[in-house]
Protein chains: 2
Amino acid sequence: MTKVAGKATLAMVAELAGVSSPTVSKVLNGRDDVAESTRTRVQEALATIGYESPVQRRVRAAGPPLVDFVCEGLSSAYAVEVLRGVVEHAADENIEIVLSQVSPELLRETDHEDWANRLVETGRKGLILVTSEMSEAQLLSFQRRNIPVVVIDPKSPLKDGVVSVGATNWAGGKAATDHLLGLGHSKIAYIGGPESAECHVARLHGYMAALRSNGIEIRPEYITGGGFKSDYGVTGLASFAALDDPPTAIFASSDSIAVGVIEEARRRGISIPGDLSLVGFDGTYLSRQTMPKLTTVAQPLGDMGRAALRSVLRLMAGDTLESHHVELATKLIVRDSTTAPRA
Amino acid sequence: MTKVAGKATLAMVAELAGVSSPTVSKVLNGRDDVAESTRTRVQEALATIGYESPVQRRVRAAGPPLVDFVCEGLSSAYAVEVLRGVVEHAADENIEIVLSQVSPELLRETDHEDWANRLVETGRKGLILVTSEMSEAQLLSFQRRNIPVVVIDPKSPLKDGVVSVGATNWAGGKAATDHLLGLGHSKIAYIGGPESAECHVARLHGYMAALRSNGIEIRPEYITGGGFKSDYGVTGLASFAALDDPPTAIFASSDSIAVGVIEEARRRGISIPGDLSLVGFDGTYLSRQTMPKLTTVAQPLGDMGRAALRSVLRLMAGDTLESHHVELATKLIVRDSTTAPRA
DNA sequence: CTGAAAGCGCTTACAG
DNA sequence: CTGAAAGCGCTTACAG
């Protein structure tokens, strides 16, 4: 593996492969008038020498490598805080980040091969995804072209070989519930995200594990949800309030949901934490700005972004990662929205 | 204007400009051994013919144009909201945004010519700056290479020919102060940003204009500041509280400053708006999340981002802009932090 | 299917 | 400061 970067010419590759320059040129340009065996030999020579076309060389010499950050937009504090981590690490590592906003629909319509080709031709060296769904075919297109992809908090489990970074959702859900149990609550409800989201499922199971290991029965009427927006907090609290035996505490699986609970509680004259204790999840700025300040399970979003970029860089360098999925620790932050239940 | 894209060669440009190919090559590569008049002639020929280097051609064929967004980081809500506008407009226009985080120091150290060359060679088509200082030499380097630059809310006035987008800071400062006057306040203080910031100066003058046209004397002890962070709100309120005749209202020239005022007021048992009315500036999420909710002068940050990108695209297309500076309207948003003074 | 030869577009080194 | 000449690296057209 003798890579003399910035020096390899097409003629050198030709010599190593034992063919002429025109033949190498044909292989590079994907012409089909080349014998398959010759093509293979040339491709090996290209890899051995580490050949780069003038365009690639220029782009590389001209500036830092480009890594794409693909998200559904910057309206969620979640995406912004992950991006901040990515951008800070990028500045340290002399990498530049290309920001693409992609709707899930667009993602499904886009031709995989086209997208992957474009990435290669524009010199992108890797991809960080903060967006829901990505088809297997799409991920394969990237892999075939040796473009490293790292997914942040994937909604559903990924095939082996696709790298992802997440947070310890189960442990976070358990920590939130344990905190409420520790304060003396036993009637603890849960408002969750969409069924399809792995992270919601993990948080819910953490919640249930905490209850069970304290010998507390799980009451289906205490579990509701459907999404991470604040609406679910409003409707969730409404449904709990209608019960004969309403909960004395709620674990909301996002800070947005918790904000909805706070709004609805205010409308109903329910005092937080006096009448109802509340724990959120995410730890974005939302949780710092509510009244009362929200006890929440913080995800290390910036660190997740940093870790994702670090993995992309290691994959770019040809490293093999120890694990295709990493979970960073969540952390319970106790503020003013939780207290012991009324006697 | 005969643009035969994908056909123009350097030799054609040379013929049109009446020079040799090597000379055109020098201009393209930003060499300095070219007479200024020759350079101009060649640049006109380049523009007329619509010349693209092989690299640019390849990059363009491969994907959407790249525009750089340069900021000091994503920790300010200000930068994030501008960026959101840019990214949304970029998605509509099929443009991709490269996010660069640059410290002012780094900016000063970086070699202008290197940076500009890198932009051309990596196919960047324009630049949006949300960062304080940019030397005249730097801006010249961009102009020499026909890279459109748009500055968001420049700290100091720019040379003619450099395009910028801002908000009506003077009018906003006046509107904030008029609102307080309208409620019956006459002892109105101001906490401002750094002396060097144009936008602070404009807001301060708007404040003073409102007072003067109501026949109210300007009291130097009612004017303080030094930066836009919340610390200045804390120290500002402290200094006003120490006065024999403290103000009954404060106009803070950023939401962050206002947050500092709220914190310090809480510590001192000063009720807002009961004892003290407060107006902020910016209208970022901060102003929505405070307790009480903040009356503030909103800047149309997303629209400013969109306008900046639109200007870059027009300049890329060779349009001449009507004006090298545009100010978008600010808007007073009345919430819960202002009321009539105690009798 | 392959490669010697010609060609293309740009850059470099240097004489004036 | 400019450009004729040489050169570089790749591609194309075509003979075998």
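Every chain is numbered from 1, with letters handed out A, B, ... down the list of sequences. Just so we're clear, the structure is a prediction, and the values are computed from it rather than from any experiment.
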Quiz item: Reading nucleotides 4-9 of chain D 5' to 3', which nucleotides get B (base under 4.0 Å from a protein heavy atom), which S (sugar-phosphate only), which -?
Solution: BB---S
Exercise. Check side chain to side chain donor-acceptor pair (under 3.5 Å) between A:Ser311 and all other residues, then give those that pass, not counting sequence neighbours.
Key: none
Exercise. Send over the distance from A:Lys26 NZ to C:dG3 P, rounded to a whole Å.
Key: 8 Å
Quiz item: What residues, two or more places apart in sequence or in another chain, satisfy ring-ring contact (aromatic ring centres under 6.0 Å, His included) together with B:Tyr51?
Solution: none
Exercise. Please name all residues satisfying side-chain contact (heavy atoms from CB on, under 4.5 Å) with B:Met12, sequence neighbours left out, ordered by chain then number.
Key: B:Thr9, B:Ile49
Quiz item: Can you list every pair that meets salt bridge (Lys or Arg N to Asp or Glu O under 4.0 Å) and has a residue in residues 93-103 of chain A, with sequence neighbours left out?
Solution: A:Glu96-B:Arg124
Quiz item: OP1, OP2 of D:dC1 versus side-chain N and O of B:Arg31: anything below 4.0 Å?
Solution: no
Practice problem: Would you classify A:Val19 as touching base, sugar-phosphate or nothing, given that sugar-phosphate means primed atoms plus P, OP1 and OP2, and contacts are heavy atoms under 4.0 Å? | Solution: sugar-phosphate
Self-check item: A:Asp92: salt bridge (Lys or Arg N to Asp or Glu O under 4.0 Å) partners, not counting sequence neighbours
Solution: none
Quiz item: Tell me, which stems hold DNA chain D, with a stem being 3 or more Watson-Crick or G-U pairs in a row and both distances under 3.5 Å?
Solution: C:1-3 with D:14-16, C:5-12 with D:5-12, C:14-16 with D:1-3
Practice problem: Ignoring backbone atoms, establish whether A:Thr23 has a side-chain N or O less than 4.0 Å from OP1 or OP2 of C:dT2. | Solution: no
Practice problem: Sequence neighbours left out, what passes side-chain contact (heavy atoms from CB on, under 4.5 Å) with A:Ala79? Give chain and number order. | Solution: A:Ser76
Quiz item: In whole Å, what is the span from the CD atom of B:Glu52 to the P atom of C:dC10?
Solution: 12 Å
Quiz item: Taking only residues two or more places apart in sequence or in another chain, which ones pass side chain to side chain donor-acceptor pair (under 3.5 Å) with B:Gln299?
Solution: B:Asp282
Practice problem: Please identify each residue that fulfils side-chain contact (heavy atoms from CB on, under 4.5 Å) with B:Val80, with sequence neighbours left out. | Solution: A:Val80, B:Leu74, B:Arg84
Practice problem: Can you establish whether the number of heavy atoms outside A:Glu15 located under 6.0 Å from its atom CD is more than 12? | Solution: no
Exercise. Write down the distance separating the C1' atoms in D:dG7 and D:dG3, rounded off to the nearest Å.
Key: 16 Å
Quiz prompt | Close residues, residues 33-43 of chain A, relative to DNA chain C [heavy-atom separation under 4.0 Å] | solution = A:Asp33, A:Val34, A:Ala35, A:Thr38
Quiz item: So do A:Leu46 and A:Val24 actually touch side chain to side chain, heavy atoms under 4.5 Å?
Solution: yes
Exercise. Applying side chain to side chain donor-acceptor pair (under 3.5 Å), name anything that partners B:Glu322, two or more places apart in sequence or on another chain.
Key: B:Arg314
